Protein chains: 2
Amino acid sequence: MADPQPGSRAEQRKRTEDRILDAAAQSFFAVGYERTTIRAVASAADVDPGLVMHYFGSKQDLFRRVIAAAPVPELSAEPGRAAEEILAGLTERMAAAPVASLTILRSMLTNPEAAEAVGAAATRYQANVAQAIPAADADLRAAVINAVILGVTISRHLLRSDALADAGPEQIAELLRPGITALAAGPEQGPEPE
Amino acid sequence: MADPQPGSRAEQRKRTEDRILDAAAQSFFAVGYERTTIRAVASAADVDPGLVMHYFGSKQDLFRRVIAAAPVPELSAEPGRAAEEILAGLTERMAAAPVASLTILRSMLTNPEAAEAVGAAATRYQANVAQAIPAADADLRAAVINAVILGVTISRHLLRSDALADAGPEQIAELLRPGITALAAGPEQGPEPE
DNA sequence: TGGTTCATTGAACAAGCGTTGAATGAACTG
DNA sequence: CAGTTCATTCAACGCTTGTTCAATGAACCA
């Protein structure tokens, strides 16, 4: 599945499609779904608005294409090590949050499609986390962990909270460690069962 | 500052204004700023769109009026008790989250005005929290606490995460307790500093 | 080379938006 | 009661939006 011949029609098309996709991703990420206009995307990609429609069908489809590039974090942990894996994943994501993921987050509160994407990803992630938590309320605990990660990510990357944006990923992860550990450990049940 | 005479012109105006404000709040909360239309608000309030403009000036001003009703959580805590007060405040807010606050949250990622409101409230709240934390990185800790609260609130009320929406406020607060406590306590420094 | 495909453009459409300003008629004021 | 205020409506403007469709010209294939 190599790139088509340079200068060929197919290659030119791919170049243009990618330019549009890039411009769209940038705009969706920067201002969200509603404030992004086909015209602005086309202009940023140095292309006619009609071409955007011709290639991607509709604004909604274009949005779908952009957010389809969002990697869904996979996580499979064994009980006891769950907290560390969660923190490691969070650290990694804080260091380099992909544009597609942030685009979804930016639009999730106003765009049903984005909300659904977030919901689906959250459900998968929560299921994986919950299975590693030895507690009756594992689902709730996983949901809270998810909420915490969501809040930190939004504050840091979208709201650009000064304190959070300036701090290093490991520093933030360190501060979250006690809470995540407690959430992933399950209920305390007196001194060392067994 | 009693209500004006019933049936009077002033009273009638107030009634209408309130009806518009209610409809606007509901719409802003439900679908956010961009998807809310003056026409829809007017229709819901059984009023002509022109009247909305006449009374509130512009859509942006109407939005301002709605979010001006959002209570800013005040918090002044002494070191050591900070965590409990934070958790108490969070519990309270989870039990009855005011529409205005949720409206701001809904729009904060796409509307600059809402983002500013969130930022301002967050800054004030963080300052209060930080002052009660005995640590060099108190600001960062306060920011993380804020982010956690933000994430939980969004997940619960806006994303309607099943697990979180079904759980009781106290239950969630209980799960959050270890993390918040650790954040508000400052760095551990060996066994019981005297 | 001649015909077809297709990337790309330009102009336009219909719908919806926020917003305006004149018109109406009932509530006020003197 | 006459005159003014003002809550409310109606119709319209100008703009932007997503979207469509015919036209163009270069790349492709036989």
Side-chain angles (χ1 to χ4, degrees), chain A residues 2-25 27-28 30-67 107 110-114, chain B residues 2-25 27-28 30-67 107 110-114:
Chain A
D3 287 353
Q5 267 200 4
S8 76
R9 193 144 63 176
E11 195 249 10
Q12 187 61 20
R13 156 134 195 185
K14 183 167 174 9
R15 283 173 100 86
T16 306
E17 268 191 1
D18 284 352
R19 235 170 44 238
I20 295 174
L21 234 26
D22 273 7
S27 178
F28 282 136
V31 300
Y33 180 84
E34 347 273 343
R35 287 173 121 89
T36 290
T37 70
I38 296 281
R39 283 170 164 84
V41 168
S43 166
D46 246 313
V47 144
D48 191 90
L51 195 61
V52 177
M53 301 303 296
H54 186 47
Y55 283 170
F56 297 94
S58 72
K59 183 183 175 181
Q60 192 65 233
D61 285 340
L62 178 59
F63 185 69
R64 257 185 282 256
R65 278 289 298 272
V66 168
I67 68 178
S107 297
T110 49
N111 188 278
E113 193 119 8
Chain B
D3 287 353
Q5 266 201 3
S8 76
R9 193 141 68 174
E11 195 250 13
Q12 186 60 19
R13 158 134 192 185
K14 184 167 174 8
R15 282 172 101 86
T16 307
E17 267 190 1
D18 284 353
R19 235 171 44 236
I20 296 175
L21 234 25
D22 272 9
S27 177
F28 282 136
V31 299
Y33 179 84
E34 347 274 341
R35 287 172 120 92
T36 290
T37 69
I38 295 282
R39 283 170 162 83
V41 168
S43 167
D46 245 314
V47 143
D48 191 271
L51 194 62
V52 177
M53 301 303 295
H54 187 46
Y55 283 169
F56 297 94
S58 72
K59 182 182 176 181
Q60 192 66 233
D61 285 341
L62 178 60
F63 184 69
R64 257 186 281 255
R65 278 290 298 273
V66 168
I67 68 177
S107 297
T110 49
N111 188 278
E113 193 119 7

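Letters go in sequence order (proteins before strands), and every chain restarts at 1. Only a predicted model underlies this, so the values are computations on that prediction, with no experimental measurement involved.
When all heavy atoms of B/I20 and B/F56 are compared, the pair lying nearest together is CG2-CE1, 3.6 Å.
Between the P atom of C/dC6 and the CZ atom of A/R15 lies a distance of 21 Å, rounded to the nearest Å. When the P atom of C/dC28 is taken as reference, atom CD of B/Q12 falls 10 Å away, rounded to whole Å.
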Table please: side-chain donor-acceptor pairs of residues 41-53 of chain A below 3.5 Å, with sequence neighbours left out.
| residue | atom | partner | partner atom | Å |
| --- | --- | --- | --- | --- |
| A/D48 | OD2 | A/G50 | N | 2.8 |

DNA chain C in dot-bracket form (Watson-Crick or G-U pairs under 3.5 Å, [ ] crossing, | inter-strand) is ||||||||||||||||||||||||||||||
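Within residues 51-63 of chain A, the residues approached by DNA chain D to less than 4.0 Å at the level of any non-hydrogen atom are A/M53, A/S58, A/K59, in residue-number order. Contacts between residues 31-44 of chain B and DNA chain C, counted as heavy-atom distances below 4.0 Å, involve B/T36, B/T37, B/I38, B/R39.
Contact check for B/F63 versus B/S107: side-chain heavy atoms found under the 4.5 Å cut-off.
In this structure B/R35 satisfies the side chain to side chain contact (heavy atoms under 4.5 Å, CB included) test together with A/Y33, A/E34, A/N111, A/P112, B/V31, sequence neighbours excluded. Scored by the side-chain hydrogen bond (donor to acceptor under 3.5 Å, both in side chains) test, A/S27 finds A/T36 as partners (sequence neighbours excluded).
Among residue pairs with one or both ends in residues 15-24 of chain B, those qualifying as salt bridge (Lys or Arg N to Asp or Glu O under 4.0 Å) are B/E11-B/R15, B/R13-B/E17, B/K14-B/D18; sequence neighbours excluded.
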Do B/T16 and B/Y55 pass the side-chain contact (heavy atoms from CB on, under 4.5 Å) test, and can you show the C-alpha distance, the side-chain angles, and the key distance before you say yes or no? CA-CA 10 Å; B/T16 307; B/Y55 283 169; 4.3 Å; yes
Sort me out a list of protein N/O and nucleotides 23-26 of chain D N/O pairs below 3.5 Å, or just none if empty.
none

